[in-house]
Amino acid sequence: MIIQKAEFVKSAPDISRCPPETIPEYAFIGRSNVGKSSLINMLVNCKNMAKTSVTPGKTRLFNYFLINDTWYLVDLPGLGYAKISKNKREEWKESIGKFLLNRKTLLCSFLLVDCRHEVQAVDEEIMEWMAEKGLPFVIVFTKTDKLPKTSLNATIQSYKNKLLETWEELPKIFLTSSEKKQGREELLSFIEETNLILSSYKK
Ligand code: GTP
Ligand code: MG
């Protein structure tokens with residue numbers, strides 16, 4: 001897919017203030033600092049469209065980006081940002097959960113995980129919750145440029161093995177680096193195919 005146009009639309013503090021549910025959208029979820037905003041910028045080929053930061057917790061709102069005038073990418077607040085109080089964390093989880101469950105035009109969520117880390121409790125929790133609720137999602141490994149190829153393959157394999165201890169089947173998996181622009185074509189093709197499936201349903 002060619003990105004002809006990408007524009008910031010709005011930042012919504014909660015689901016009630018998100019844009020009307022008229023076109024497909026894809027949400028980026030994952031722990032703070034995992035690289036959600038960077039990946040959005042990499043996909044749309046624009047360095048600063050989504051705000052990135054070395055300090056975790058940069059994205060605190062639901063940020064909507066309209067792509068090619070036909071679909072949205074949504075940058076969500078980071079899960080489990082450690083420096084805020086437990087209550088605040090729960091509140092985030094609640095607001096993200098409510099969004100994922102109720103947003104009718106959300107076709108698929110991308111759960112981003114840092115390829116250097118083993119399965120994190122909050123990621124596992126949200127994956128199990130999405131599976132239980134029947135919400136489509138894929139796993140996107142980020143920052144693959146930070147590991148040499150052999151250890152990258154080994155850590156990803158052990159990540160999958162850990163999930164397979166409790167899961168019968170794994171969701172689709174993508175390997176990405178915003179730094180090296182790895183995984184861009186694969187993710188955009190996935191979105192394109194998913195958009196097409198929806199439009200064939202509408203006919
Ligand atoms: P929050 O908004 O706080 O939830 O964080 P986020 O998930 O949006 O992360 P963000 O995109 O702001 O990136 C966090 C840090 O990781 C920044 O310093 C980025 O430059 C860095 N980063 C993101 N993606 C990559 C990548 O693919 N490779 C490398 N080397 N660094 C990355
Ligand atoms: Mg961010």
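Reckoned from all heavy atoms, side chains included, excluding hydrogens, waters and symmetry mates. Ligands are counted one by one from 1 in listed order, and the atoms in each one are counted from 1 as well.
- The distance between the ring centers of Phe62 and Phe99 falls below 6.0 angstrom.
- Among the atoms of Lys36, some N or O lies under 3.5 angstrom from an N or O of ligand 1.
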Determine, step by step, whether Glu118 and Lys162 satisfy the salt bridge (charged side-chain N to carboxylate O under 4.0 Å, His left out) criterion, reporting the C-alpha distance in whole Å, the side-chain angles of both residues, the deciding distance to 0.1 Å, and the verdict. CA-CA 9 Å; Glu118 44 190 55; Lys162 175 73 179 36; over 6 Å; no
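- Every atom of ligand 1 with a heavy atom of Ser177 under 4.0 Å away is listed here by number and element: 27 (O).
- Ligand 1 has a nitrogen or oxygen under 3.5 angstrom from a nitrogen or oxygen of Ser38.
- At least one N, O or S atom of Ser37 sits under 2.8 Å from the Mg ion (ligand 2).
- For Phe190 and Phe174, the gap between ring centers is short of 6.0 Å.
- When non-hydrogen atoms are compared, ligand 1 lies under 4.0 Å from neither the backbone nor the side chain of Lys180.
- Remark: Lys143 does not engage Glu179 in a salt bridge, criterion side-chain N to carboxylate O under 4.0 Å.
- Contact annotation for Asp145 and ligand 1: only side-chain heavy atoms (C-beta onward) come within less than 4.0 Å of the ligand.
- Taking a cut-off of under 4.0 Å to the non-hydrogen atoms of Gly35, the atoms of ligand 1 that pass are 6 (P), 7 (O), 9 (O), 10 (P), 11 (O), 13 (O), 23 (C).
- Contacts of Asp114 classified as side-chain hydrogen bond (donor to acceptor under 3.5 Å, both in side chains), with partners at least two apart in sequence or in another chain: Arg116.
- Between Leu100 and Met130, some side-chain heavy-atom pair lies under the 4.5 Å cut-off.
- Polar contact check, Ser178 against ligand 1: a nitrogen or oxygen pair lies under 3.5 Å apart.
- Nearest to atom 16 (O) of ligand 1 by heavy atom, out of Glu179, Lys143, Arg31, is Lys143.
- Between the side chains of Asn161 and Glu165, no donor N or O sits under 3.5 Å from an acceptor N or O.
- Listed by atom number, the atoms of ligand 1 under 4.0 Å from Gly78 heavy atoms are 4 (O).
- Within the 4.5 Å cutoff, the side chain of Ser95 has no heavy atoms near those of the Asp14 side chain.
- Residue contact check: Ser37 has heavy atoms under 4.0 Å from atoms 8 (O), 11 (O) of ligand 1.
- Residue-ligand proximity: Thr142 is placed with every non-hydrogen atom at 4.0 Å or more from ligand 1.
- For the pair Phe65/Val74, no side-chain contact is recorded, criterion being any heavy-atom separation below 4.5 Å from C-beta on.
- Note: no N/O pair closer than 3.5 Å links Thr176 and ligand 1 by distance alone.
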